[in-house]
Amino acid sequence: MKKSAMVFIGCGLLILLFGCQQVSYREITVEDYVDKMKAGWIGQMAGVGWGGPTEFRWNSVTIPEEHVPEWKPEMINQHYQDDIYVEMTFLRTLELYGFDVDIRQAGIDFANSRYMLWHANKAGRDNLRAGIAPPWSGHPKFNSHSDDIDYQIEADYSGLIAPGLPQAVVDLGELFGRLMNYGDGVYGGQFVAGMYAEAFFTTDIHQIIEAGLACIPEKSVYAEMIRDVTRWYQENPDEWIATWNKIEAKYQDNPDYRKFSCSGPEDDFNINATINGAYIVMGLLYGKGDLDKTIVISMRCGQDSDCNPSNAAGVLATAMGASELPDKFTSAIDSEPVFSFTDYNFASLTKVCEKLARQAVVRYGGKIQTNDEGNEVFLIPVKAPILKTVESCWEAGPVPENVHFSEKEMEQITIKIRPKSDFINSWQISGPYSKKGVEGFELFDVSFKPERNPKQAKWQVYPTDKLGEGVVDFSQLMRGEHRAAYLKTRIWSPETRNAVIELGSDDGIKIWLNHKLVHANNVTRGYTESEETVDVQLKNGWNEMLVKVTQGTGGWEAGLVITDTKRKVFKDIRFE
């Protein structure tokens, strides 16, 4: 009995000695936190605004110095940039539901967003709208873009609300990054966010990069890339082109490092998170604390040359603080406009970030106190993050049998991915139409023959085998830019009834039903399914529909669905 008691006491002493180790804290006043957090948003806007004109115009080559755009102070106002406003969807989810929000609710909120998306973001959101719940919406089995840059682009928010809290940025990556990404696609966002979190406490770029590296698995390809770029910088600290060439040789030209490249391993275009992450690190290292140089070098590396300088500039600006930013980046800030597709202007954005940061500090073991000077202070515990086992898109983990939202959850998703059979699939097409010296946006109000007198226009049947997923792709039959084309069909309804037209278009669209204009939106955008809805009335018998779609540059598409007022497709109407 005595021996057992002694063993028990000994174990208790060990627990006291090693289980109750004193936690150290770092300190930042709330005032300084807010100043740095604001700077992080300004840095993002500066990077994307400056690099915007160069995006993906130089792939597999560096941008010549003479092609770097001239910075103008008004370029700071990037309220319409998807590189900025998409991440605000995640902030809104956190604002509404807190840090305990379920990933499925996060997926529902992202599914209901109405902005245009590309690559992993689009594939992930399409999966969500089709009923594939997260994290499977970002899994390589369902998402061929899982290794793309997308969460890396928009992870800044998580570092900006988690000062010195690496576990928070890792957890937020697991929550929001998996809506659209997997493996290195998620790690890129966690790395960027980890750098932001550290930038609240130091201006040492090497320390900031090491802190980001600590937020991702050591054996990931992304971590290998960070170590490579850091080593190559040390070998050539004043020659960024030398390091760029080494990045190009390994992460662009070597197919072993492009195993899940959505564009294929030999394409010059490369939106993989890893190589673009290398260009973020390039800007930070070779910029040597200079905001201009940081942006320009990240930009001149090419590929996604607005997103990469946005991340790099956001991190560096956070370390500097808004009060220390050059006047050229702050003098023309307009704080009043609302960021596209959000309820936030600059003032309300920073306010919600402060609110969430307060929650994060307490949630992750910190404290909010008042110091001797009467200032509020965040006390941040110094803790290394706990990471999951490394994963890769080309050797992805298993998927459960049921990956779908419940019927109740699907009722909360207002925009669904519809099967091809739901779309109007019987069209005649007329065009293209153009007017000398008039661009696509201006063609919207030019009345061509099909809308003046449809019977006198030349029409041909649009081949059903070219409808793709129910979408009319005008470029299948006609080429060129700054043009307009028309579609027409007849809709037979057995009775007079209220209906809804769901539509998406690239670019502007007008719709006439029974010779009455029921919808007009002169816009430049990519195609997004069911992006808009129009309430109409079908009459008993045949209804005539005419559609005009304008084209500026790029894609040229349209897709229309007719439903009842509960958004269910009619089973008793037909088209011809």
Side-chain angles (χ1 to χ4, degrees), residues 23-44 87-88 90-91 94-95 98-99 154-177 189-216 284 289 310-325 344 346-371 373 375-386:
V23 177
S24 61
Y25 292 87
R26 294 193 288 186
E27 180 179 313
I28 183 172
T29 66
V30 174
E31 182 181 6
D32 284 345
Y33 160 75
V34 170
D35 182 66
K36 289 176 174 289
M37 175 263 292
K38 288 180 177 179
W41 288 108
I42 295 170
Q44 287 182 72
E87 60 193 281
M88 296 181 196
F90 310 146
L91 286 174
L94 291 171
E95 182 184 10
F99 283 82
E154 53 224 18
D156 313 69
Y157 79 95
S158 61
L160 288 172
I161 62 172
L165 298 168
Q167 190 65 57
V169 303
V170 170
D171 292 348
L172 289 169
E174 294 298 319
L175 174 63
F176 293 107
Q190 291 170 322
F191 168 73
V192 166
M195 289 197 294
Y196 271 99
E198 184 67 16
F200 284 96
F201 293 94
T202 183
T203 58
D204 186 322
I205 297 300
H206 297 278
Q207 183 176 328
I208 288 170
I209 291 171
E210 285 299 316
L213 188 57
C215 293
I216 63 175
L284 287 168
S310 181
N311 288 136
V315 170
L316 178 57
T318 302
M320 297 169 67
S323 58
E324 298 297 323
L325 294 180
Y344 301 131
F346 194 79
S348 59
L349 170 66
T350 54
K351 185 175 181 180
V352 76
C353 285
E354 180 185 347
K355 173 185 173 182
L356 292 171
R358 290 176 178 273
Q359 295 176 20
V361 168
V362 175
R363 178 184 179 87
Y364 287 91
K367 304 173 185 178
I368 305 174
Q369 298 180 347
T370 302
N371 63 16
E373 289 76 36
N375 300 314
E376 273 194 299
V377 173
F378 289 157
L379 295 180
I380 310 295
V382 179
K383 294 181 181 179
I386 299 172

task: Pick out which of Val169, Ile208, Ile205 makes a side-chain contact (heavy atoms from CB on, under 4.5 Å) with Met195.
output: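 One option only clears the test, and that one is Ile208.
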- prompt: Do Glu198 and Arg26 meet the salt-bridge criterion of a basic N to acidic O distance under 4.0 Å?
  reply: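 Looking at Glu198 together with Arg26, the answer is yes, because their closest N to O distance falls below 4.0 Å.
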message: I'd like to know if Lys367 and Glu27 make a salt bridge, using a cut-off of under 4.0 Å between side-chain N and carboxylate O.
response: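 Judged by the 4.0 Å cut-off on N to carboxylate O distance, Lys367 and Glu27 do not form a salt bridge.
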message: Assess, by modelled atom type and distance only, whether the side chains of Asp35 and Ser323 contain a donor and an acceptor separated by less than 3.5 Å.
response: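 Present: a donor and an acceptor within the cut-off.
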4.5 Å side-chain heavy-atom contact, [X] and [Y]:
{"X": "Val23", "Y": "Val382", "result": "no"}
{"X": "Val30", "Y": "Asn375", "result": "no"}
{"X": "Leu213", "Y": "Glu210", "result": "yes"}
{"X": "Thr350", "Y": "Tyr344", "result": "no"}
{"X": "Val361", "Y": "Ile368", "result": "yes"}
{"X": "Leu325", "Y": "Met320", "result": "yes"}
{"X": "Thr203", "Y": "Leu316", "result": "no"}
{"X": "Thr318", "Y": "Val315", "result": "no"}

Nearest-0.5 Å distance, [atom1] of residue [X] to [atom2] of residue [Y]:
{"X": "Leu349", "Y": "Met88", "atom1": "CG", "atom2": "CE", "answer": "4.5 Å"}
{"X": "Gln167", "Y": "Arg363", "atom1": "CD", "atom2": "CZ", "answer": "10.5 Å"}
{"X": "Glu354", "Y": "Lys38", "atom1": "CD", "atom2": "NZ", "answer": "9.0 Å"}
{"X": "Glu95", "Y": "Ser348", "atom1": "CD", "atom2": "OG", "answer": "8.5 Å"}
{"X": "Glu154", "Y": "Phe90", "atom1": "CD", "atom2": "CZ", "answer": "4.5 Å"}
{"X": "Phe200", "Y": "Ile380", "atom1": "CZ", "atom2": "CD1", "answer": "9.5 Å"}

Which heavy atom of [X] sits nearest a heavy atom of [Y], and at what distance?
{"X": "Gly212", "Y": "Phe191", "result": "C-CD1, 3.3 Å"}
{"X": "Trp41", "Y": "Leu91", "result": "CZ2-CD1, 3.9 Å"}
{"X": "Lys36", "Y": "Ala319", "result": "NZ-O, 2.6 Å"}

- prompt: Hey, is the main chain of Ala199 close enough, under 3.5 Å, to the side chain of Thr202 for a donor-acceptor pair?
  reply: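 Looks like no, no N/O pair under 3.5 Å.
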query: Would you say the side-chain atoms of Gln44 pair up with the backbone N or O of Gly314, donor to acceptor, closer than 3.5 Å?
result: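 Not at all, since once roles are kept as given, no pair shorter than 3.5 Å links the two residues.
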Return all side-chain donor-acceptor pairs below 3.5 angstrom for residues 155-165, not counting sequence neighbours, or 'none' if the list is empty.
from, atom 1, to, atom 2, distance (Å)
Asp156, OD1, Asn311, ND2, 3.2
Asp156, OD2, Tyr196, OH, 2.5
Asp156, OD2, Asn311, ND2, 3.0
Tyr157, OH, Tyr151, OH, 3.0
Ser158, OG, Ala155, O, 2.7

message: Take a 6.0 Å sphere around CD of Gln369 and say whether it holds more than 12 heavy atoms from other residues, nucleotides or ligands.
response: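 For Gln369, atom CD is crowded (more than 12 foreign heavy atoms under 6.0 Å).
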query: Excluding sequence neighbours, so at least two apart, what forms ring-ring contact (aromatic ring centres under 6.0 Å, His included) with Phe378?
result: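 ring-ring contact (aromatic ring centres under 6.0 Å, His included) check on Phe378 returns Tyr33.
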